Amino acid sequence: MATLVASAPDTAIEVTEDLLHGVLTLPEIERDTLLTTLDRWFAAGGSTAAAARSLFCHRNTVRYRLRRIEELTGLSVTDPRASAQLLMALHAHLR
């Protein structure tokens with residue numbers, strides 16, 4: 001994923017801004033909370049419980065945040081194609 005983002009950084013930024021627009025326009029604290037949750041969820045292999053442990057919160061909080069991301073982006077975190085798009089956008093944003 002990092003290679004893909006690095007090979008076309010301008011395109012990666014455009015795609016990121018498009019995919020994450022709803023999240024990126026939130027106040028900084030809320031935006032960072034949602035993006036950190038998404039990052040930890042991916043790092044946990046999609047495990048809500050493992051992500052919750054790493055974030056020191058309840059798994060229902062992680063579920064709520066993921067649903068919020070889905071609402072703001074129109075992309076389902078459980079759909080493989082949408083999830084891949086979100087992962088790429090997240091990598092590009094955090095880069």
Side-chain angles (χ1 to χ4, degrees):
M1 191 63 62
T3 302
L4 177 63
V5 170
S7 68
D10 293 336
T11 302
I13 290 169
E14 287 178 34
V15 170
T16 297
E17 290 173 355
D18 185 48
L19 290 174
L20 296 179
H21 176 76
V23 176
L24 297 176
T25 59
L26 293 171
E28 183 178 355
I29 293 172
E30 187 176 0
R31 178 191 68 224
D32 291 349
T33 297
L34 292 178
L35 293 176
T36 298
T37 300
L38 185 61
D39 185 48
R40 298 285 179 88
W41 184 77
F42 279 127
S47 168
T48 305
R53 282 191 300 275
S54 74
L55 292 164
F56 304 103
C57 66
H58 194 275
R59 65 182 179 274
N60 287 344
T61 301
V62 172
R63 286 187 187 116
Y64 167 78
R65 292 174 185 171
L66 293 174
R67 278 194 310 270
R68 182 87 170 109
I69 291 166
E70 290 176 334
E71 291 169 3
L72 291 166
T73 64
L75 298 169
S76 170
V77 298
T78 58
D79 175 82
R81 289 181 183 176
S83 185
Q85 290 177 321
L86 286 169
L87 181 61
M88 188 280 307
L90 183 65
H91 274 267
H93 177 74
L94 296 177
R95 188 173 175 273

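Just so we're clear, the structure is a prediction, and the values are computed from it rather than from any experiment. The chain is numbered in sequence order, starting from 1.
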Heavy-atom distance under 4.5 Å between the side chains of [X] and [Y], does that happen here?
| X | Y | value |
| --- | --- | --- |
| L90 | L35 | yes |
| E14 | D18 | no |
| H93 | L24 | yes |
| T37 | R68 | no |
| E70 | L66 | no |
| L26 | L72 | yes |

Atom [atom1] of [X] and atom [atom2] of [Y]: how far apart are they, to the nearest 0.5 Å?
| X | Y | atom1 | atom2 | value |
| --- | --- | --- | --- | --- |
| H91 | L87 | NE2 | CG | 4.0 Å |
| L20 | T25 | CG | OG1 | 10.5 Å |
| T16 | L94 | OG1 | CG | 9.5 Å |
| R59 | T48 | CZ | OG1 | 9.0 Å |

Taking distance alone, no hydrogens or angles, what donor-acceptor pairs closer than 3.5 Å link side-chain atoms of residues 38-46 to residues at least two apart or in another chain?
{"unit_1": "R40", "atom_1": "NH1", "unit_2": "S54", "atom_2": "O", "d": "2.7"}
{"unit_1": "W41", "atom_1": "NE1", "unit_2": "G46", "atom_2": "O", "d": "3.1"}

Query raised in the report: What residue pairs, at least two apart or across chains, pass side chain to side chain donor-acceptor pair (under 3.5 Å) with a residue in residues 77-89?
Result: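 Applying side chain to side chain donor-acceptor pair (under 3.5 Å) to every pair that reaches into residues 77-89, excluding sequence neighbours, yields S76-T78.
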**Report entry** R31 versus E28, closest heavy-atom pair with distance
**Finding:** NH2-CG, 3.2 Å
Query raised in the report: Within a reach of under 6.0 Å around NE2 of H58, are more than 12 heavy atoms found that belong to other residues, nucleotides or ligands?
Result: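 Yes, the 6.0 Å shell around NE2 holds more than 12 heavy atoms from other groups.
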